[in-house]
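Heavy-atom basis, side chains included; hydrogens, waters and symmetry copies ignored.
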Amino acid sequence: MSGISESTLYVGLYLAEAEAKAPVTAALLRLERSALRESGYFAYGLGYLARPGAMALNPLYLPLQRETFALPSRLLREGGALPLTVRDALPDAWGLRVLAHELGGRLPSEREQLLLTNADRVGAMVFSESREMPLPEAPPHDNLADLAEAVRRLQYDMDIPKPLKRLLLRGGSLGGARPKASFMHDHALWLAKFPAAGDPLDVQKLEAVAMGLAMNCGIRVPQFMTLPIGRAETAFLSRRFDRFGENASQRLHFLSASALLDIPYESSDGSYIEFARVIRRLSLRPAADLEELFRRMVFNLLIDNSDDHLKNHGMLWAGGERYVLSPAYDIVPQLTNLGYQMLSIDGTTQVSSLELAINAAPHFDLSKDKASAIVRELAGVVYGQWWLHAKVQAVPDVLRTRLQACFQRQKEVIGAAGFGL
């Protein structure tokens, strides 16, 4: 029938039990577009279901079963029929820019985005046009300065020599708006973040300060560091928590809170409380993960990190149908003191409020007294030690002054006085 187009993709997974360090074919995804709408279906392969180590792509919304999942018809402008579990694998703003450059300026379709970004995307999913899955690529052994130069040239629309062009693709699969790429260091895979064009301040050093404070607040973070890359600029490096094994050749399945809640991350829906319910249901260590999620929520309030949307939270596969809260990532003070969170505390308002956080404590299996003690503990670390972390990271005086002013304003915004802070 005219006006209807079909697209078929095979979904593969790196399984932890697999002896060969290569993905196995897991499922078939077929999408059908007609006018402005899209529908389709998803089905696990019978051979995959028979594997002893088979795991669901999403135990809550795509559990292992023989029956086919019908993907309801949806408008393309609302995301179409692509399941959010798969949408997790799409690159965001920076990755799209890299891919568009590779394609001569043309924006890639979602199908192309999935097929072109298998090597470095977060988690264990890969995609193929046939049942044959792409073979693993050799880990990138690149010079950080060369990576930075390739990123700079792309941002300023400069000519990029061929040897540098291939380096950019190491960032084509990664989420977020800031320039980034994968980078091998000491036999492990790291994520390198670079300055963005027009940055008025050193966001890389700011993120390092926040990560150091988070670690001191009992929040698990990946190993991280900053390195100079010339032109008086800095790169922020964090070790990839979804890679392990020799030369980071094995992968761990990752699901964002967006996929786990089945809520588009661009929306204002969802809440920390709803994510806590998912953790209680799936976590291998629910008590520890629930308390840590509460700490992360409070920490974001204290440091003015309002960019805490659903894709900036996630869980890692831990065996069977169990997951654990992933290490924290993308934690940066926004320096705006707008008084709202991208992810609502309780689902009723976006307001940044310590009182709301305390009232939500029972949803994290915490008493209000325990929650209040955590707030005071974290505030003591953030507001009492930030200057030390800024000194360690050699944060410039101008930025240090802005950070101090931000924290002073943030105390008022979140109602810190009510806790004697």
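- When every heavy atom of Asn305 is checked against every heavy atom of Gln334, the shortest pair comes out as OD1-NE2, 3.5 Å.
- Side-chain atoms of Gln155 come within 3.5 Å of backbone atoms of Ala197 as a donor-acceptor pair (strictly under, hydrogens ignored).
- When the shell of 6.0 Å around CZ of Arg281 is examined, it contains 12 or fewer heavy atoms from other residues, nucleotides or ligands.
- By the 30° and 60° cut-offs, the orientation of the rings of Tyr265 relative to His309 is tilted.
- Atom CD of Glu321 is surrounded by 12 or fewer heavy atoms from other residues, nucleotides or ligands within 6.0 Å.
- Here the CG-CG distance, from Leu71 to Leu62, works out to 8.0 Å after rounding to the nearest 0.5 Å.
- The environment of Glu233 atom CD is dense: over 12 non-hydrogen atoms of other residues, nucleotides or ligands sit within 6.0 angstrom.
- Ring-plane geometry between Trp386 and Phe407 is classed as perpendicular, the angle between the planes exceeding 60 degrees on a 0 to 90 degree scale with a lower cut at 30.
- Checked for salt-bridge contact, Arg178 and Asp199 meet the test: a charged N lies under 4.0 Å from a carboxylate O.
- The 12-atom threshold is exceeded at NZ of Lys411, counting heavy atoms of other residues, nucleotides or ligands nearer than 6.0 Å.
- Separating the CD1 atom in Ile229 from the CZ atom in Arg152 is a distance of 10.0 Å, to the nearest 0.5 Å.
- Proximity of Thr234 to Gln393: side-chain heavy atoms (C-beta onward) are nowhere separated by under 4.5 Å.
- Closest of all the heavy-atom pairs between Leu84 and Pro264 is CD1-N, 3.5 Å.
- In this structure, the side chains of Asn216 and His389 come closer than 4.5 Å at one or more pairs of heavy atoms.
- Salt bridge annotation for Asp330-Lys193: present, with a cationic side-chain nitrogen under 4.0 angstrom from a carboxylate oxygen.
- Taking the six-membered ring where tryptophan is involved, the planes of Phe69 and Tyr44 are perpendicular, since the angle between them exceeds 60° and thus also 30°.
- Between the CG atom in Leu49 and the CG atom in Leu64 there is a gap of 6.0 Å [rounded to 0.5 Å].
- Here the side chains of Arg251 and Arg243 are in contact, with some heavy-atom distance below 4.5 Å.
- Side-chain contact, Arg131 with Thr25: no donor N or O sits under 3.5 Å from an acceptor N or O.
- When the side chain to side chain contact (heavy atoms under 4.5 Å, CB included) test is applied to Arg277, the partners found at least two apart in sequence or on another chain are Ile273, Glu274, Arg280, His363.
- Sequence neighbours left out, not one pair with a member in residues 298-309 passes salt bridge (charged side-chain N to carboxylate O under 4.0 Å, His left out).
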